[in-house]
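Below: the structure, in structure tokens.
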Amino acid sequence: MINNAAISRVLRQIAYLIELEESHDNDTNKNKSNAVFKIRAYRRTADVIENLSSNVEEIYNKWKLKGLTEIPSIGKAIASKMEEYITTGKIEYFEELKKRTSINVDEFYHLEGIGIGPRTVKTLHERLGIKDLSELEKAAKEGKIHILPGFSYKKEESILRKIQSFKKGRGRYLLGDIYPIVKQIEVRLSNLRGVKKAIAVGSFRRMKETVGDIDYLVSSDTPEIVMDYFASMPEVDEVIGKGPSKTFVKLNNGMDADLLVVPKESFGSALQYFTGNKEHGVALRKIAISRGLRLNEWGLYDSNTDGIVAGSKEEEVYDILGLEWIPPEMRENNGEIKLAKKERTNESNNLKLPDLINYNDLKGDLQVHSNDTDGMISIRDIALAAKEKFGLEYIAITDHTKNLALTHGLDEAGLLNQANKISELNDEIKNHSKNSNNKSDSGSGSSNDRFRILSGAEVNILKDGSLDISNNILDKLDVVGAAIHSNFTQPVEVQTDRLIKASKNPSVDIIFHPTGRIINKREGYPVKIEKLFSVAQDTNTILEVNAHYNRLDLKDEYIRMAIQNDVKLAINSDAHHYVHFAFLIFGIGQARRGWAKRSDILNTLSVDKMLNSLK
DNA sequence: GCCGTTTTCGGCCCGACTGTTTTCAGTCG
């Protein structure tokens, strides 16, 4: 399967090569400007494909060219080049472009995005004959670049630094890995003198599973104080740029961080400007133009009078553009703008934005591990923390079962023992909370009274789709999750059949981490996901949104598809220690990115209702 | 090359920062 990144890379290189050629000849202005837009079109398509959650080859296999051209920004010309790439592994046009230059595009196009673009490379090629990265580095080290017109010592040094930085590698960070430090800096910025508001925007605010760099937006009338602080934070390795309203730094974890400071009159428009993905932003600015307005980070302006129409509040910006406020997690230009339109037409009559699940809507967690197997703490400790530190009303202990030997998985007797132990603990906790409630005389019955530990298991789906624990034992447990932990490299049909057989098993309530992916590390095993959705719907099998930030499985696009297929979901932490309950926000964020409502998520229900709605 | 509530031609989102450009090009998000 060709991944989107590969196709995106080819398109980006095509754009790069056209741009290199473009500055060669002395075309008329007309042709030049056409080339500019052609380059832009290839880049835009590369962006779109890179951010697409569906695989383009799958789209092509299913709907051929028509499927490709239905993706926004992709027309006939680029679609047929993509088709050529998918079916033959090559694009003739791309090969010709490569033949016409000796510059190593495959190396140089990486430097785009870190300040060395095609025009600079072209000049260096013409003046010094530089063809690849090692020649560029050599020339910079030998001081051959700064003597060229239009260059300087500073530029030469900057080229060297950027090559070093590129060699170190630049990837996307897992949201959960950077979340604590991003929030910490956000709090410190908020507490600075003169700061009214400080917030991390961009893909972080959209709760995207991976984040490339981090953007802070601050409202203050004294920007210099904020920017001086930002540039001198202990985490800052290097200040890359600093102007009157923006500062760019590199943090010591390798991540780029940008800061924008605006007056409070512009905070809402800046929030809007820097939160949505690029396409969402472009779409909004086009709507502005169509209404005789102009939108930028400083405000929404009347094009004729230049007077400001909105800016301090994000809601106002959306409102004046005729849109409902769109939750950040949805701002990906995936159809949310159409749903947000206030003006109802025949076509959009019954379309509106979904009322997304909120970050405090989960009442329980249906995948929790204890030190009976590979968890780190006891059932009692993790349960008490779930109740007292995280305000949950129930958790299900779903330890691994016997076939997963490396976790010391439980056998039938072990599961029944554990279920008995849980029953005793429930009695104890009940008494404990009664006593503490009496002491504090807290009046009306709090959620404490209702806390409950559920017995359960995470059983293994074996190679043939059967389970490693018999049904008569599983039926004695409150919640049964099933998951694939072995034989990852089966053909798609086999893998899908395993999951379907498990879903059809009357003892299985939930399929845990249904695709088995580990973000940035492991692709999930191949699954015909629509088939699984259809069986899950038929059999009332819950699919999990695993909230651990390295899984987030199901992913956002699949969540959206599952909901469209009336499949119920559960958001679970997969906690092996009570600190892991903090991961639930990532699962909720992912569910919101998949447009999930509260009613789509099983564990927003109270424990009895939740148990009643299982098979 | 893409696209359509000025629909098959003629436009195409917008501003900040850097460098050496004293009026702008290159690059980024």
Side-chain angles (χ1 to χ4, degrees), chain A residues 11 14-16 18-19 22-23 30-31 33-48 51 68-82 93 111-124 146 148-159 162 201-203 212-215 217 223 227 239-249 256-262 266 269-270 272-301 303 322 333 341 343 345 347-348:
Chain A
L11 294 171
I14 290 176
Y16 198 101
I18 300 171
E19 192 163 5
E22 180 45 33
S23 26
K30 175 74 180 163
N31 286 340
S33 107
N34 279 344
V36 167
F37 290 110
K38 186 167 160 181
I39 292 161
R40 204 181 282 179
Y42 274 99
R43 292 227 166 90
R44 191 168 57 228
T45 307
D47 284 343
V48 166
N51 290 309
L68 297 178
T69 51
E70 271 173 19
I71 302 169
S73 306
I74 301 183
K76 274 187 188 155
I78 293 185
S80 61
K81 289 187 178 69
M82 287 167 63
Y93 177 56
L111 298 185
E112 265 191 316
I114 59 171
I116 307 171
R119 289 177 186 271
T120 307
V121 168
K122 175 159 169 39
T123 308
L124 291 171
H146 73 264
L148 298 176
F151 290 83
S152 64
Y153 277 112
K154 257 188 150 167
K155 186 99 186 162
E156 191 172 74
E157 279 168 19
S158 133
I159 287 174
K162 281 165 180 166
V201 289
S203 50
D213 62 3
I214 189 76
D215 304 301
L217 174 65
M227 303 227 271
V239 178
I240 294 166
K242 199 160 178 279
S245 64
K246 280 186 178 175
T247 299
F248 312 100
V249 301
D256 286 327
D258 302 348
L259 168 72
L260 173 73
V261 185
V262 298
S266 297
S269 46
Q272 191 287 311
Y273 196 92
F274 288 103
T275 296
N277 75 351
K278 199 167 160 186
E279 288 73 27
H280 179 94
V282 168
L284 252 66
R285 292 194 280 281
K286 284 182 179 168
I287 292 176
I289 292 168
S290 74
R291 296 183 162 233
L293 302 165
R294 181 168 49 90
L295 178 62
N296 60 38
E297 61 263 58
W298 303 102
L300 184 57
Y301 300 88
S303 296
N333 199 31
K341 287 204 166 123
E343 193 182 330
T345 61
E347 189 204 358
S348 70

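We name chains A, B, ... by the order of the sequence lines, and we start the count at 1 in each one. Note that the structure is a prediction, hence the values are computed from the model and not measured.
- On a pure distance criterion of 3.5 Å, a polar donor-acceptor pair joins the side chain of A:Y273 and the base of B:dG29.
- The 5' end of DNA chain B is approached more closely, in terms of each residue's nearest nucleotide, by A:K242 than by the other of A:K242 and A:I116.
- Nucleic acid contact for A:L111: sugar-phosphate only, since backbone atoms but no base atoms lie under 4.0 Å from a heavy atom of the residue.
- Counting non-hydrogen atoms under 4.0 angstrom, A:I39 reaches nothing in the nucleic acid.
- No engagement by A:K162 is indicated, since no non-hydrogen atom pair under 4.0 Å with the nucleic acid exists.
- Rounded to an integer number of Å, the gap from A:L260 CG to B:dC14 P is 18 Å.
- Between the CD1 atom of A:I289 and the P atom of B:dG10 there is a distance of 19 Å, rounded to whole Å.
- Remark: the separation of the C1' atoms in B:dC13 and B:dC3 is 15 Å, to the nearest Å.
- Within 4.0 Å of A:L284, counting heavy atoms only, lies no atom of the nucleic acid at all.
- Comparing the C1' positions of B:dG4 and B:dG15 gives an interatomic distance of 27 Å, to the nearest angstrom.
- Considering all non-hydrogen atoms of both residues, A:V48 and A:S73 come closest at CG2-OG, 4.0 Å.
- Under the ring-ring contact (aromatic ring centres under 6.0 Å, His included) criterion, A:Y93 pairs with no residue at all, not counting sequence neighbours.
- When both pairing distances are held under 3.5 Å, B:dC2 makes a Watson-Crick or G-U pair with B:dG11.
- In this structure, A:L148 places its CG atom 12 Å from P of B:dT20, rounding to the nearest Å.
- Phosphate contact (OP1/OP2 of B:dA16, side-chain N/O of A:S245, threshold under 4.0 Å): absent.
- When heavy atoms are screened at a 4.0 angstrom cut-off, A:T120 is found touching the sugar-phosphate backbone but no base atom.
- Distance check on atom C1': B:dG19 versus B:dG11 gives 32 Å, rounded to whole Å.
- Distance noted for atom P between B:dC12 and B:dT7: 16 Å (whole Å).
- Across the protein-nucleic acid pair, A:R40 atom CZ and B:dG1 atom C1' stand 12 Å apart, rounded to whole Å.
- Taking the P atom of each, B:dT20 and B:dT27 are spaced 14 Å apart, rounded to whole Å.
- Place A:N296 and A:A41 on DNA chain B by their nearest nucleotides, and A:A41 ends up nearer the 5' end.
- Residue pairs that meet the side-chain hydrogen bond (donor to acceptor under 3.5 Å, both in side chains) test with at least one member in residues 286-295 of chain A, sequence neighbours left out, are A:R294-A:D306.
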Criterion side chain to side chain contact (heavy atoms under 4.5 Å, CB included) on A:K246 and A:E297, from CA distance to verdict: CA-CA 12 Å; A:K246 280 186 178 175; A:E297 61 263 58; 4.2 Å; yes

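- Rounding to whole angstrom units, NE2 of residue A:H280 and C1' of B:dG29 are separated by 15 Å.
- A:E19 and A:R40 are not joined by a salt bridge, as no carboxylate oxygen comes within less than 4.0 angstrom of a charged side-chain nitrogen.
- Of the side-chain N and O atoms in A:K286, one or more sit less than 4.0 angstrom from OP1 or OP2 of B:dC13.
- Residue side chain A:F248 fails the stacking definition with respect to B:dC17, as its ring centre and the base's six-membered ring centre are not both under 5.5 angstrom apart and under 30 degrees in plane angle.
- Close to B:dC13, at under 4.0 Å from its OP1 or OP2, lies no side-chain N or O of A:R44.
- Atom CG in A:N277 sits about 14 Å away from atom C1' in B:dC13, given to the nearest Å.
- The aromatic ring centroids of A:F151 and A:H146 lie 6.0 Å or more from each other.
- Between B:dG19 and A:K154, a contact under 4.0 Å exists linking OP1 or OP2 to a side-chain N or O.
- Nucleotides B:dG26 and B:dT21 are separated by 14 Å at their P atoms, to the nearest Å.
- Between A:W298 and B:dA16 there is a side-chain N or O to OP1 or OP2 distance below 4.0 Å.
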